[in-house]
Amino acid sequence: MKKRIMTILLSAVMILSLGGTAFAETVSAGDSSEAAICEKTEGCTLEAGHEGDCILKSTEDVEEPESQTTDETDETVAEKLQTRIDALPDSDALAGMSSEEQQEVYAEICDIYDAVDALGEDADSLDQANLEAAAGFFTEQVMPLEDTESTYVARIGEEKYETLAAAVSAAKTGDTITLLSDASGSGIIIDTSTINNLTIDFADHTYTVNSDPLAGSTGTKSQCFQLLTGGSLTMKNGTIKADNSAVAMIIQNYCDLTLDNMTLDATQGSNNVSYVLSNNCGNVTISNSTITAKSTGIAFDVYGGFGNYTNVSVTVTDGSVINGTVEVARKASTNNNQNTLVIEDSTVNGNVSVVAGTSVTIENATVDGSVTVTDSSGASVLVMDSTVTSSVTGDATVYNSTVGGTKTNTVATGVVALVGDTTYTTLATAIEAAKDSGTVILLADATDVTIPEGYTVTINLNGHTISSTSSHAITNNGTLTVTGSGTVDGGTTSGKGALYNAPGATAILNGGTFTGSKWYVIKNLGTMTIDGTTITQNDAGSSGIDNGYYGNSANDCGVTYPTSATVTLTIKSGNLSGGMNTVKNDDFGVLTIEGGTFTNTSG
């Protein structure tokens, strides 16, 4: 009986969903006029006439064939029925069929339900999941689920809401709001101090703000969303539009905000958006997202300096596209807050304007426009491994980048080194930042560098010079690797050289030119490897390298002569020349020469 009800239901569905076609065909098939069957002439039909010995007989006198042979078991019938069920197309295949093809499948489903009904208890062995899924396709055409025929646009778990604003009002810390369809409505204020770690998953839908009230503070209710400070919020997988002429800003942000796979577009809808996204507080990440401003508007800003708010930082990453101006600024009455902007692996189709900030880094990115620095408070601006199609003006460091079609390297005032994507005004602070196996890239000349014990640092000379003034050019107490072109100069101060490698220290010289004019170029009391370095001694009265202990404090850099020690020098390659001895192996020294070129005409 249950199967018979389903068959009737499917018939009703097809009548409605296929415009009555199936019903018409059903009536036609059940017409009261009986077809005539020719018993004499093979292939004869009523329309063709019944000539010759053709004898017509009413269908009433024709025996109907048995539905199955007497030796066909119920098991065989069930197996055949299961094969028919398994052959039914799934909903995706049905959706791609024409109405005629769907009618054929519908007829097969009805027939199968009748056969299942007739099978009785033996039908329990059938796997009817495929049958029910195919039937479900047709029932959903005129009997959609309650959720889709309702006005619900959002849900939290299983609870559903008719507006996004209602869902936000009901949300609790840690909740995820999911949009069920495109929706429109009023502006929304989210207080992240009471609803922390909230996620709004737009699920590839669009929320359009087209009605009042708008979000915002008293007197400035002109925003689609106002996100208050105190917690975090994630918006992902969708679009926010403004279709209200009173809207001046799509998002006003004060919280820790993540935009992931979002589109904010001020060019869609009727609005007066001047700032698409304004960030006055918090840590903001814009990932795999697109922000588009009007031609005269700002895509987003980094605008701190408000007394009651903390620092503001914005990171644009993961292939994001910013269409419009990016502005880094600060309230004029205070410079207390730090404004930080990082644009990496992304594109800005517009200008980057640094009016007032703390740190701006553009790395592995494209700015189809200009970078302009007018900050007078000493913002650190770095353009690294990037392309700027127009120009970089103002006090900025440009490293390994293309500006206006030309490969460019420039250094901002006072900057001497680069570690990662941060610039430093002293080499000591750069070495401190790089102490755990980091690399310091010289951007300017430096003097009297010390590597403390326990530090592991690489110095890339990058074409610059480290000189000795009052001490050795480099004093190494840790683990030091020197690379790149450039010079380490021991100068003309007696008892000071280009490099002093202290007991227990390790130095690996893979680049640069080390020179001296008054004392040893290199004094080694630790472990040293030279591979690809040039060492030139211009003082005929001193050796180029002294490996080991000389036996007096002056020549051993104040170190007491030991009772035993191992001082190791390995030369794999390089050009070594000049001095009384180009290389001198002193007490406790172990010298291994595997390669290199040695020249001495003055010793």
Side-chain angles (χ1 to χ4, degrees), residues 428 431 435 447-457 459 466-482 488-510 512-531 533-572 574 576-594 596 598 600 602-603:
I431 289 169
K435 64 183 180 181
T447 61
D448 299 348
V449 177
T450 297
I451 310 299
E453 183 178 357
Y455 286 26
T456 299
V457 175
I459 295 179
I466 300 175
S467 301
S468 166
T469 53
S470 60
S471 183
H472 306 288
I474 300 176
T475 298
N476 180 40
N477 298 300
T479 298
L480 169 67
T481 301
V482 178
V488 181
D489 183 14
T492 59
T493 303
S494 179
K496 307 301 179 184
L499 171 62
Y500 165 50
N501 196 45
T506 299
I508 302 167
L509 308 184
N510 291 335
T513 297
F514 290 72
T515 63
S517 302
K518 189 69 175 179
W519 195 64
Y520 306 129
V521 177
I522 294 174
K523 175 68 176 185
N524 180 40
L525 295 178
T527 300
M528 180 177 292
T529 301
I530 296 173
D531 190 3
T533 297
T534 296
I535 298 170
T536 302
Q537 175 60 280
N538 296 312
D539 180 5
S542 299
S543 296
I545 300 175
D546 184 25
N547 184 56
Y549 287 86
Y550 185 89
N552 67 53
S553 177
N555 279 19
D556 292 336
C557 300
V559 178
T560 302
Y561 189 84
T563 57
S564 66
T566 300
V567 179
T568 302
L569 172 62
T570 301
I571 301 174
K572 294 184 176 182
L576 297 86
S577 63
M580 180 182 294
N581 300 289
T582 302
V583 178
K584 182 175 70 167
N585 196 42
D586 243 326
D587 293 355
F588 306 112
V590 177
L591 174 63
T592 302
I593 298 177
E594 298 177 359
F598 301 84
N600 194 329
S602 59

request  = Working to the nearest 0.5 Å, report the span between CD1 of I593 and CD1 of I571.
outcome  = 4.5 Å
message = Assess the residue pair V449 and I431 against the criterion (side chain to side chain contact (heavy atoms under 4.5 Å, CB included)); give the C-alpha distance rounded to whole Å, side-chain angles, the decisive distance to 0.1 Å, and a yes or no.
response = CA-CA 9 Å; V449 177; I431 289 169; 3.2 Å; yes
Approximate separation, where rounding is to 0.5 Å, of T527 OG1 and N501 CG = 7.5 Å
query = Mind checking what makes salt bridge (charged side-chain N to carboxylate O under 4.0 Å, His left out) contact with D489, not counting sequence neighbours?
reply = none
key: Spacing of CD1 belonging to I530 relative to OG1 belonging to T592, to within rounding of 0.5 Å   = 12.0 Å
query = L480 and I459: side chain to side chain contact (heavy atoms under 4.5 Å, CB included), yes or no, with the steps?
reply = CA-CA 8 Å; L480 169 67; I459 295 179; 3.9 Å; yes
Partners meeting side-chain contact (heavy atoms from CB on, under 4.5 Å) with T492 (sequence neighbours left out) = S517
Contacts of F514 that satisfy ring-ring contact (aromatic ring centres under 6.0 Å, His included) - sequence neighbours left out = none
inquiry  = List the residues meeting side-chain contact (heavy atoms from CB on, under 4.5 Å) with N477, not counting sequence neighbours, and say none if there are none.
reply    = T450, E453, T475, A502
task = Indicate the atoms forming the closest heavy-atom contact of T536 with V521, along with that distance.
result = O-CG2, 3.5 Å
note = By ring-ring contact (aromatic ring centres under 6.0 Å, His included), F598 pairs with (sequence neighbours left out) none
request  = Just jot down the side chain to side chain donor-acceptor pair (under 3.5 Å) partners of Y455, sequence neighbours excluded, or say none.
outcome  = E432
task = Could you go through the side chain to side chain contact (heavy atoms under 4.5 Å, CB included) check for N585 and L569 one step at a time?
result = CA-CA 9 Å; N585 196 42; L569 172 62; 5.8 Å; no
request  = Could you pull out the closest heavy-atom pair between G497 and S468, with the gap in Å?
outcome  = O-CB, 4.2 Å
inquiry  = Run the side chain to side chain donor-acceptor pair (under 3.5 Å) test against T469 and tell me which residues pass, sequence neighbours left out.
reply    = D448
query = Partners of K518 by salt bridge (charged side-chain N to carboxylate O under 4.0 Å, His left out), sequence neighbours excluded?
reply = none
ask   = Nearest 0.5 Å, what's the CD1-CG distance between I474 and L499?
value = 6.0 Å
Pairs flagged by salt bridge (Lys or Arg N to Asp or Glu O under 4.0 Å) wherever residues 492-510 is involved - sequence neighbours left out = none
note = Taken to the nearest 0.5 Å, the spacing of I508 CD1 from T570 OG1 works out to 10.5 Å
task = With sequence neighbours excluded, tell me which residues meet side-chain contact (heavy atoms from CB on, under 4.5 Å) with A565.
result = Y549, P562, F588
inquiry  = Looking at every non-hydrogen atom in both residues, tell me the closest pair between K435 and V457 and how far apart they are.
reply    = CA-CG2, 3.8 Å
request  = Compare every heavy atom of A498 with every heavy atom of A473, then report the nearest pair and how far apart it is.
outcome  = CB-O, 3.2 Å
message = Can you pull out every side chain to side chain donor-acceptor pair (under 3.5 Å) where at least one residue sits in residues 555-569? Sequence neighbours excluded, please.
response = Y520-N555, K523-D556, Y561-D587
task = Apply side chain to side chain donor-acceptor pair (under 3.5 Å) to T582 and list each qualifying residue two or more places apart in sequence or on a separate chain.
result = N600
query = What is the distance from atom CD1 of I545 to atom CG of N581, rounded to the nearest 0.5 Å?
reply = 11.0 Å
